[in-house]
Amino acid sequence: MAETADYEKSNFILAIINKDLEEGLNDGRIHTRFPPEPSGYLHIGHAKAILLNYSIARDYQGKFNLRFDDTNPIKEDQEFVDSILQDIKWLGADWEDRLFFTSDYFDTKYEFALRLIKAGRAYVCDLSPEEIRDYRGTLTEPGKDSPYRNRSVEENLDLFARMKNGEFPDGSRVLRAKIDMASGNLNMRDPVIYRILHASHHRTGDKWCIYPMYDFDHPFSDAIEGITHSLCSIEFSDNRLLYDWIVDNALELYPEAVKGRPRQYEFARLNITNTVMSKRKLRRLVEEGFVQGWDDPRMPTIAALRRRGVTSEAVADFCDRIGVARSASMVDMALLEHCIREDLNAKAHRVMGVLEPLKVIITNWPEGQVEWLEIENLPGDEDAGTHKAPFAQEIYIEQEDFMEDPPKKFHRLSPGKEVRLKGAYIIKCEEVIKDSTGKVVELRCTYDPETKSGEDNSGKKVKGVIHWVSVQHGLPATVRLYDNLFLNENPDDADEGQDFTDNINPESLLVLKDCIVEPALADCDPESRFQFMRKGYFFLDPKDSSKNNLVFNRIVGLRDSWAKKNK
RNA sequence: UGGGGUGUGGCCAAGCGGUAAGGCACGGGACUCUGACUCCCGGAUUCGCAGGUUCGAAUCCUGCCACCCCAGCCA
């Protein structure tokens, strides 16, 4: 679990909230929201936004809404609503009874549009999409007024009603806010606020053939719900001027519909090294088969993290530690891994699993004898109890724990040397058996009966302790080792003519099919995480694992200073 | 002379005029029946750069520089 920070959590948004509270804004109410569009899967960058909004509401005794921004039926689907709901629940952000859809307010929004028209602040424009773009001007040149800008209120009302009634084809007309075609802020150059879309909506069906645009819809929805602090990412900074324009107009023209004045604040979106976060890129990875799906454990999606075995507590701790600021940043993947290890170290029971087995025969062990040894579930935590592991004449150890010709400071097994088997005895390597190609296939060792774990009176001191599993009792398992999906810290750093997909790590997934795990894992809770001692943290794959076909995902490896030193 | 932002150690990030928090990463050491965990110790004379104001500046002012975002009838 996350430790409580020994310093005051501080960021610019909390500072704003504290100041607002001091000044008595919004009658002291704090109300946030998370507004996903149901058009894709959530990733860890969304988790940052969700947890930020949720924790602010929680910490200030405020409220947190979940509102789907479903204004574009062409891209949206119930399937995504379902997955998003599941992800947010998993993260622990509780919207209580405030699950909304922006489409719930389509009628109110239509009325608001009518009022804008009547106030002479919106007009129906017949320009084609290309013409609208041309009239908009460029970054450095002002735009020019649409020839339809000064239609009469009556004509606008009539045309807008006919748009709504489905009399015009898609793209033929739009409703625009009348603001300023010369504004330096492109969003203010008479933005489109309604477009014609003869598309069936996942919630409203065929009721509408005009749909509001985000810039019109979002601020108004915030105002309707009584949101006080509308947090979004930096790229919406330029939209804030329009956001305020809409809210001002709502307050003036439709006060009975709104519950206050929401303010928009922007913070930097999350980037993490060696992965990608944009919906477009994630979609390509899935559609072009670079990964096996949205929940492939190598993906940064919430679904993938969950499937991999990462806990929501670790994700929350991570989001807490990265902070909230406005500068573009790229957080080191090592921090996420650290948060995962810290969480799992405290709760994952220790078991033994041999990933790449090498058979060892204890020559002086009584044939057929089996001794059930006690293994602590969580060293240092007696309440976690123990479990039993069978020790017998034939065991497996890790191939890499034996070296015929070891380097200095190799604390494991080698010819004539001793090592302790975790929780069992000290053994000595007497003989190395090889196949015709010279590959080591078996070790003959002797054990010292005086060295039983916990009852060792031999006075022997060995540096190395290795894990093992009884051949006779071990359970076969498949283990999937995951590594960064991308070789580069920034996957977009690609050579001329290449793109991020050329930086994919060919070894991001390593499947080991001949692993052996201790029998205690036979009936384990599929929801629990384990530490395979000296190997890392593992989780039963929820999709592919079954009683007779154990499949473990490595959530994250252990820190390994030996491997690092020998790089 | 378009608009909006951002620049604090390798990566995040506090700081808001009183003399550089914290975390990750990294290096060194201790401990260890997980080369894990844990525990110590180490690091910015300096806050994009240059001037200025001040007894005193990362914090205020001026001017530069670098980088990010915006020209969907996407969100």
Side-chain angles (χ1 to χ4, degrees), chain A residues 5-11 15 35-37 39 69 71-72 74-76 125 127-129 132-134 136-143 170-176 182-189 191-197 211 213-215 217-218 232-241 266 268 273 279 320-339 341-342 345-346 350 352 376 379-380 409-412 420-424 426 451 453-454 456 462-467 489 531-536 557-565:
Chain A
D6 58 353
Y7 57 94
E8 192 112 346
K9 210 206 292 191
S10 177
N11 65 54
E37 184 193 21
S39 64
D69 268 2
T71 57
N72 186 352
I74 292 167
K75 293 168 63 183
E76 296 149 8
C125 181
L127 255 23
S128 70
I132 286 182
R133 196 194 327 123
D134 290 341
R136 185 154 36 224
T138 68
L139 292 178
T140 52
E141 300 156 20
D170 289 4
S172 60
R173 271 174 245 262
V174 291
L175 184 70
R176 293 227 251 171
S183 174
N185 184 327
L186 295 263
N187 294 111
M188 300 301 271
R189 319 244 261 227
V192 172
I193 58 179
Y194 263 96
R195 77 287 218 187
I196 301 171
L197 246 31
Y211 291 91
M213 297 287 289
Y214 167 86
D215 282 314
D217 182 280
H218 191 82
C232 62
S233 47
I234 285 288
E235 61 269 29
F236 289 97
S237 297
D238 290 341
N239 300 59
R240 190 177 57 239
L241 204 54
E266 313 88 25
T273 60
K279 192 182 284 185
D320 221 45
R321 291 191 195 219
I322 55 178
V324 180
R326 292 182 58 91
S327 58
S329 62
M330 172 86 83
V331 176
D332 198 330
M333 181 66 87
L335 179 59
L336 210 210
E337 293 176 349
H338 170 82
C339 293
R341 286 193 193 101
E342 187 172 88
N345 178 53
R350 311 291 127 118
M352 293 191 281
E376 290 178 284
K409 293 192 176 170
F410 182 77
H411 299 152
R412 310 175 189 182
R420 171 171 293 283
L421 296 176
K422 174 72 191 177
I426 289 176
T451 60
S453 204
D456 188 340
V462 291
K463 264 284 194 184
V465 179
I466 64 175
H467 56 99
E489 287 203 347
Q531 184 196 102
F532 288 5
M533 279 188 279
R534 306 204 308 132
K535 293 274 90 176
L558 256 26
R559 285 186 61 192
D560 189 346
S561 56
W562 170 249
K564 196 186 297 173
K565 193 180 293 182

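Chain A is the first sequence line, chain B the second, and so forth, proteins listed ahead of strands; every chain is numbered from 1. Small disclaimer: the values here were computed from a predicted structure and weren't measured.
- Residue-level contact check: G143(A) touches neither bases nor backbone, having no heavy atom under 4.0 Å from any strand.
- In this structure, I322(A) reaches the sugar-phosphate backbone alone: every heavy-atom distance under 4.0 Å involves primed, P, OP1 or OP2 atoms, never a base.
- Across all strands shown, S561(A) has heavy atoms under 4.0 Å from sugar-phosphate atoms exclusively, and none from any base.
- To the nearest whole angstrom, the two C1' atoms, one in G10(B) and one in G72(B), are 39 Å apart.
- A salt bridge links E266(A) with R326(A): the closest approach of a Lys/Arg side-chain nitrogen to an acidic carboxylate oxygen falls below 4.0 angstrom.
- What separates CG of L558(A) from C1' of U38(B) is a distance of 14 Å, to the nearest Å.
- C68(B) and G27(B) have their P atoms separated by 32 Å, with the value rounded to a whole Å.
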Atom pairs under 3.5 Å: protein N/O with N/O of nucleotides 73-75 of chain B:
from: C73(B); atom 1: OP1; to: R136(A); atom 2: NH2; distance (Å): 3.4
from: C73(B); atom 1: OP2; to: R136(A); atom 2: NH1; distance (Å): 3.1
from: C73(B); atom 1: N3; to: G171(A); atom 2: O; distance (Å): 3.2
from: C73(B); atom 1: N4; to: L127(A); atom 2: O; distance (Å): 2.9
from: C73(B); atom 1: N4; to: P129(A); atom 2: N; distance (Å): 3.2
from: C73(B); atom 1: N4; to: G171(A); atom 2: O; distance (Å): 2.7
from: C74(B); atom 1: OP2; to: R195(A); atom 2: NE; distance (Å): 3.3
from: C74(B); atom 1: OP2; to: R195(A); atom 2: NH2; distance (Å): 3.0
from: C74(B); atom 1: O3'; to: R195(A); atom 2: NH2; distance (Å): 3.2
from: C74(B); atom 1: O2'; to: N72(A); atom 2: ND2; distance (Å): 3.3
from: C74(B); atom 1: O2'; to: K75(A); atom 2: NZ; distance (Å): 2.7
from: A75(B); atom 1: OP1; to: T71(A); atom 2: OG1; distance (Å): 2.5
from: A75(B); atom 1: OP1; to: R195(A); atom 2: NH1; distance (Å): 3.4
from: A75(B); atom 1: OP1; to: R195(A); atom 2: NH2; distance (Å): 2.9
from: A75(B); atom 1: OP2; to: Y214(A); atom 2: N; distance (Å): 3.1

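- Among the heavy atoms of the strands lying under 4.0 Å from F410(A) is at least one base atom, whether or not backbone atoms are also near.
- Comparing the P positions of C64(B) and G4(B) gives a spacing of 16 Å, expressed to the nearest Å.
- Nucleotides G9(B) and C49(B), compared at atom P, are 10 Å apart to the nearest Å.
- Residue contacts for R350(A): at a heavy-atom cut-off of 4.0 Å it reaches a base atom on one of the strands shown.
- Following rounding to the nearest Å, L421(A) (CG) and C33(B) (P) show an atom-to-atom distance of 15 Å.
- Between the CE atom of M330(A) and the C1' atom of C67(B) there is a distance of 13 Å, given to the nearest Å.
- Here the separation of C60(B) from C41(B), taken at their P atoms, is 34 Å to the nearest Å.
- Among the atoms of the strands shown, only primed sugar atoms or phosphate atoms (P, OP1, OP2) are found under 4.0 Å from some heavy atom of V324(A).
- When the C1' atom is compared between A13(B) and A20(B), the two are found 13 Å apart, to the nearest whole Å.
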Could you run down the sub-3.5 Å N/O contacts of the protein with nucleotides 25-32 of chain B?
from: C26(B); atom 1: OP1; to: K564(A); atom 2: NZ; distance (Å): 2.8

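- H218(A) is linked by a ring pair (Phe, Tyr, Trp, His ring centres under 6.0 Å) to Y214(A), counting only residues two or more places apart in sequence or in another chain.
- M188(A) comes within 4.0 angstrom of no nucleic acid atom, judged by non-hydrogen atoms across all strands.
- Computed from coordinates, the D320(A) CG to A14(B) P distance equals 13 Å when rounded to whole Å.
- No engagement by K535(A) is indicated, since no non-hydrogen atom pair under 4.0 Å with the nucleic acid exists.
- Glycosidic conformation at G9(B) (O4'-C1'-N9-C4 for purines, O4'-C1'-N1-C2 for pyrimidines): anti, more than 90° from 0.
- To the nearest whole angstrom, the two C1' atoms, one in C74(B) and one in U59(B), are 41 Å apart.
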Output one line per pair: protein atom, nucleotide atom from nucleotides 4-7 of chain B, and distance, for all N/O pairs under 3.5 Å.
from: G4(B); atom 1: O4'; to: D238(A); atom 2: OD1; distance (Å): 3.4
from: G4(B); atom 1: O2'; to: D238(A); atom 2: OD1; distance (Å): 3.4
from: G5(B); atom 1: O3'; to: R326(A); atom 2: NE; distance (Å): 3.3
from: U6(B); atom 1: OP1; to: R326(A); atom 2: NE; distance (Å): 3.3

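- When the P atom of C33(B) is taken as reference, atom NE2 of H411(A) falls 13 Å away, rounded to whole Å.
- For R136(A), there are no side-chain hydrogen bond (donor to acceptor under 3.5 Å, both in side chains) partners at least two apart in sequence or on another chain.
- Base engagement by Q531(A) is indicated by at least one non-hydrogen atom pair under 4.0 Å involving a base atom.
- Mapped onto RNA chain B by nearest heavy atom, T451(A) and T273(A) fall at different nucleotides, with T273(A) at the one closer to the 5' end.
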Query raised in the report: Using Watson-Crick and G-U wobble pairs with both distances under 3.5 Å, what is the 5'-to-3' dot-bracket string of RNA chain B, with [ ] for crossing pairs and | for pairs outside the strand?
Result: .(((((((.[[[..)..(...]]].(((((.......))))).....[[[[[..)....]]]]])))))).....
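- Whole-Å rounding puts the L186(A) CG to G72(B) P distance at 8 Å.
- No side-chain N or O of D238(A) forms a donor-acceptor pair with one of N187(A) less than 3.5 Å apart.
- Going from the C1' atom of G15(B) to that of G22(B) covers 12 Å, rounded to whole Å.
- Note on G423(A): a base of the nucleic acid sits closer than 4.0 angstrom, heavy atoms only.
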